[in-house]
Amino acid sequence: MDIARCLDTIDRLCLRPFPARHAWSDVGRAGPGYFMAELHTGEGEEAHRERTADDAGACKEAVAQRLHQRWGAVRPWGMLTLRVRGLRGEEIPEPWASLSHLTDEAYVWQADGTGRWVAVAVADRDPADAIRLLAVVTDTDPP
């Protein structure tokens with residue numbers, strides 16, 4: 001995984017206009033007010049799943065270290081509370097609702113000078129799905 005390419009994707013998404021409706025973009029899912037970029041997708045084979053998860057986690061940490069230097073150190077933010085609130089009927093805005101179902105934790109920063117939030121996480125909750133390193137860029141405050 002190329003850390004510089006991951007950071008470049010995040011930087012481009014911080015400047016790019018959001019789409020008017022839900023669609024797929026060149027980097028992944030997108031909708032009004034957000035992009036959810038797949039920075040890396042690992043193999044979905046069960047035999048390699050643990051190694052792929054470790055690799056994606058290491059890449060997440062490397063990207064996070066660079067973003068900590070840029071926007072300040074943050075602690076991982078647990079997604080369980082958002083899932084529980086959603087299950088209780090509370091409306092959780094996108095992309096936070098989707099992110100909470102894909103991952104257990106994310107690093108979240110407010111990108112200086114852009115008015116946007118950036119999250120980096122590993123989507124590994126669904127054993128039937130490929131493990132993915134995700135970056136979310138949104139103008140919706142975390143709930």
Side-chain angles (χ1 to χ4, degrees), residues 1-46 48-49 52-143:
M1 290 179 239
D2 184 343
I3 304 306
R5 187 173 27 186
C6 293
L7 293 167
D8 180 63
T9 298
I10 291 167
D11 289 342
R12 285 185 293 113
L13 295 177
C14 282
L15 300 173
R16 186 185 286 184
F18 295 116
R21 61 186 187 334
H22 296 282
W24 287 94
S25 75
D26 59 323
V27 294
R29 289 179 41 200
Y34 76 91
F35 293 103
M36 185 177 290
E38 295 183 7
L39 300 176
H40 177 77
T41 302
E43 298 297 321
E45 296 178 29
E46 190 63 36
H48 302 290
R49 189 166 177 82
T52 300
D54 289 345
D55 290 347
C59 188
K60 176 188 83 170
E61 293 300 324
V63 170
Q65 284 303 317
R66 296 277 186 84
L67 296 178
H68 290 322
Q69 292 169 357
R70 185 184 295 180
W71 296 320
V74 297
R75 298 179 86 124
W77 186 42
M79 296 284 128
L80 178 60
T81 302
L82 290 183
R83 284 196 301 275
V84 170
R85 287 168 50 194
L87 290 171
R88 291 182 177 162
E90 184 177 338
E91 187 172 332
I92 306 298
E94 289 296 344
W96 304 109
S98 291
L99 188 62
S100 75
H101 289 285
L102 295 170
T103 186
D104 287 326
E105 68 176 28
Y107 287 108
V108 180
W109 300 265
Q110 189 163 25
D112 292 341
T114 68
R116 294 185 178 190
W117 293 89
V118 174
V120 176
V122 175
D124 62 354
R125 293 194 71 241
D126 184 350
D129 198 6
I131 293 173
R132 294 167 288 152
L133 176 62
L134 302 176
V136 172
V137 175
T138 182
D139 61 2
T140 303
D141 291 354

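For clarity, every value in this text was computed on a predicted model and none was experimentally measured.
- The shortest side-chain heavy-atom distance between V136 and V108 does not fall under the 4.5 Å cut-off.
- Between V118 and A111 the shortest heavy-atom distance is CG2-CB, 4.1 Å.
- Of all non-hydrogen atoms in P95 and T138, the two that sit nearest each other are CD-OG1, 3.5 Å.
- Closest non-hydrogen pair, A106 versus M79, comes out as CB-CE, 3.9 Å.
- Here CG of L7 is found 9.0 Å from CG of D2. Values are rounded to the nearest 0.5 Å.
- Qualifying side chain to side chain donor-acceptor pair (under 3.5 Å) partners for R132, counting only residues two or more places apart in sequence or in other chains: E38, D129.
- Pairs of residues two or more places apart, or lying in two chains, never qualify as salt bridge (charged side-chain N to carboxylate O under 4.0 Å, His left out) while including a residue from residues 108-118.
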Using distance only, find each side-chain donor-acceptor pair of residues 15-24 under 3.5 Å and give its atom names and separation, not counting sequence neighbours.
from	atom 1	to	atom 2	distance (Å)
R16	NH1	D26	OD1	2.7
R16	NH2	D26	OD2	3.4
H22	ND1	Y34	OH	3.2

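- Across all their heavy atoms, I131 and D124 have their closest contact at CG1-CB, 4.1 Å.
- Contact between A97 and I92 at its shortest, heavy atoms only, is CB-O, 3.4 Å.
- Between L102 and V122, every side-chain heavy-atom pair lies at or beyond the 4.5 Å cut-off.
- The distance from atom CZ of F35 to atom CG of L13, rounded to the nearest 0.5 Å, is 5.5 Å.
- Checked against the 6.0 Å centroid threshold, W77 and W96 count as a close aromatic pair.
- Partners of T9 by side chain to side chain donor-acceptor pair (under 3.5 Å), not counting sequence neighbours, listed by chain and number: R12.
- Interatomic distance, L80 CG to S100 OG, rounded to the nearest 0.5 Å: 9.0 Å.
- For the atom pair T114 OG1 and D11 CG, the distance stands at 10.0 Å (nearest 0.5 Å).
- A 4.5 Å side-chain heavy-atom check between M36 and S98 finds at least one atom pair inside the cut-off.
- Below 30°, between 30° and 60°, or above 60°: for H68 and Y107 the angle between ring planes is above 60°, a perpendicular geometry.
- Every pair passing salt bridge (charged side-chain N to carboxylate O under 4.0 Å, His left out) that includes a residue from residues 76-91 is listed here, sequence neighbours excluded: R83-D104, R85-E90.
- Taking D139 as the reference, nothing meets the side chain to side chain donor-acceptor pair (under 3.5 Å) condition, with sequence neighbours excluded.
- Atoms CG and CD, on L99 and E105 in that order, are 11.0 Å from each other to the nearest 0.5 Å.
- Rounded to the nearest 0.5 Å, atoms CD (E61) and CD (Q65) are 7.0 Å apart.
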